[in-house]
Amino acid sequence: MKYYFLNDLKLILRVPVALFFQFFFPLMMMLIVVGADANKSYDGIRFINYYLPCAISMGFIPLALVTFPLWVGKKIENGTLLRMNYFGLRTHSIIFMDILCHVIFGAVGSSIDIIFALIVFRLQFFGAGYFFAFILQIFIALITLLVWGGVLSLIVKNTQALMSIGLVIMFFLYFISNCFGTINSFPVFIRDLAKCFPVSYMGSNFYNIWVGKQYWCGKFLWISAIWFGVGVIGLVLLALSNKRLRGNAFLKSAHTLRGKGKVVEV
């Protein structure tokens with residue numbers, strides 16, 4: 001498993017879409033949005049402190065809903081998952097390592113965002129407690145998104161369609177997360193709909209955590225718990241109903257050949 005995990009980390013660095021959205025895109029948007037109002041401040045707090053959660057969410061959303069589903073979907077589609085099962089790696093262990101790999105990738109991306117904002121726009125810190133509460137809650141958001149990325153990879157069987165659907169969902173979540181403008185400018189029904197998605201709170205409420213106004217976003221936590229719980233149940237049910245995951249084609253073929261009196265060598 002250690003070799004598989006290290007290889008996973010190496011392979012994800014070769015995915016152009018992952019690198020672009022996780023590293024380049026958030027920094028580019030910071031330069032465009034914050035650069036235009038770099039000297040603007042609210043109650044002595046620079047604008048970058050309010051925009052940072054949006055920048056981080058811009059990396060997390062495509063990581064969980066485009067890169068991760070494609071990562072899992074391709075392994076199911078081309079038989080890689082079953083081949084690894086044949087060599088003794090359990091499916092749940094493989095998926096856990098894939099999730100951990102993407103969480104680490106997200107951690108590196110968000111760290112780069114914070115360092116970049118600190119160096120270029122003089123990002124402010126408001127206490128260790130608020131900082132760790134902020135980090136904990138953004139990773140709750142990431143893990144919840146990853147669970148639904150897994151659900152998406154099992155619902156959509158074709159990887160080309162998977163990428164298209166993932167991108168549509170990504171841009172929808174961008175808009176309701178204040179990434180491209182304040183949600184208050186949207187119609188009332190869109191604003192009400194946005195409140196049902198945990199990630200929308202990253203852009204509209206998480207800056208209060210970063211600037212030291214509150215430790216926890218209560219609505220985000222209980223809505224995330226609902227989405228996470230439903231997502232895990234959906235993921236288990238879909239995995240159990242997926243023909244490619246229920247049985248190991250290699251083991252079945254080996255069993256069939258043995259039953260016919262033939263010797264199977266690996």
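Fair warning: this is a prediction, and the values are worked out from it, not measured in the lab.
- Phe105 places a side-chain heavy atom less than 4.5 Å from the side chain of Phe23.
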For Tyr50 and Val34, run side-chain contact (heavy atoms from CB on, under 4.5 Å): C-alpha distance rounded to whole Å, both residues' side-chain angles, the deciding distance at 0.1 Å, then the answer. CA-CA 10 Å; Tyr50 293 97; Val34 181; over 6 Å; no

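- Considering all non-hydrogen atoms of both residues, Arg46 and Arg122 come closest at NH1-O, 2.9 Å.
- Ring centroids of Phe47 and Tyr207 are separated by 6.0 Å or more, keeping the two rings apart.
- At least one donor-acceptor pair closer than 3.5 Å links the side chain of Trp148 to the backbone N or O of Trp227.
- Using modelled atom types, no side-chain atom of Trp210 and backbone atom of Phe126 make a donor-acceptor pair closer than 3.5 Å.
- Judged as a ring-ring contact (aromatic ring centres under 6.0 Å, His included), and not counting sequence neighbours, the contacts of Phe206 are Phe220.
- Between Tyr130 and Phe125, a ring centre-to-centre spacing not shorter than 6.0 Å is recorded.
- Atoms CG and CG, from Leu162 and Leu70 in turn, are 5.0 Å apart once rounded to the nearest 0.5 Å.
- In this structure, Asn208 contributes its side chain and Gln214 its backbone to no donor-acceptor pair below 3.5 Å.
- Between the CG atom in Leu27 and the CD atom in Gln22 there is a gap of 10.0 Å [rounded to 0.5 Å].
- In summary, of the residues considered (Ile112, Leu118, Ile119), a side-chain contact (heavy atoms from CB on, under 4.5 Å) with Ile115 occurs for Ile119 alone.
- Side-chain atoms of Gln137 come within 3.5 Å of backbone atoms of Tyr215 as a donor-acceptor pair (strictly under, hydrogens ignored).
- Nearest heavy atom pair, residue Ser177 against residue Ile61, reads OG-CD1, 4.2 Å.
- In this structure, Leu142 is a member of the same hydrophobic cluster as Val230, with clusters built from ILVMFWY side-chain heavy atoms closer than 4.5 Å.
- Linking Ile, Leu, Val, Met, Phe, Trp and Tyr whenever their side-chain heavy atoms come within less than 4.5 Å leaves Phe20 and Val168 in two separate clusters.
- Across all their heavy atoms, Asp113 and Ala55 have their closest contact at OD2-O, 3.9 Å.
- Using a 4.5 Å heavy-atom threshold, the side chains of Phe116 and Leu52 count as separate.
- Between Tyr174 and Phe171, the ring planes are perpendicular. Angles over 60° get that label, and only those under 30° would be called parallel.
- Under the 4.5 Å side-chain criterion, counting only non-hydrogen atoms from C-beta, Ile165 is not in contact with Ile155.
- Distance alone, capped at 3.5 Å, is enough to place a donor-acceptor pair between the Ser153 side chain and the Gly150 backbone.
- In terms of heavy-atom proximity, Ile138 sits nearest to Phe60 at O-CE2, 3.5 Å.
- Atom CD1 of residue Ile56 and atom CE of residue Met30 lie 7.5 Å apart, to the nearest 0.5 angstrom.
- To the nearest 0.5 angstrom, Leu65 atom CG is 5.5 Å from Leu145 atom CG.
- Residues Ile176 and Val188 are members of separate hydrophobic clusters, defined by side-chain heavy-atom contacts under 4.5 angstrom among Ile, Leu, Val, Met, Phe, Trp and Tyr.
- Looking at every heavy atom in both residues, Ile140 comes nearest to Ser224 through CG2-CB, 4.1 Å.
- For Phe228, the CZ atom sits in a loose shell: 12 or fewer heavy atoms of surrounding residues, nucleotides or ligands are nearer than 6.0 Å.
- Closest approach of Ile114 and Ile135 over heavy atoms only: CD1-CD1, 4.4 Å.
- In this structure the side chain of Leu167 reaches within 4.5 angstrom of the side chain of Met170, judged on heavy atoms.
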Walk me through whether Phe197 and Phe172 qualify under ring pair (Phe, Tyr, Trp, His ring centres under 6.0 Å). CA-CA 11 Å; Phe197 292 87; Phe172 168 73; 5.5 Å; yes

side-chain contact (heavy atoms from CB on, under 4.5 Å) assessment of Val72 paired with Phe68: CA-CA 6 Å; Val72 175; Phe68 181 63; 3.7 Å; yes

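- The CG atom of Leu173 sits 9.5 Å away from the OG atom of Ser57 when rounded to the nearest 0.5 Å.
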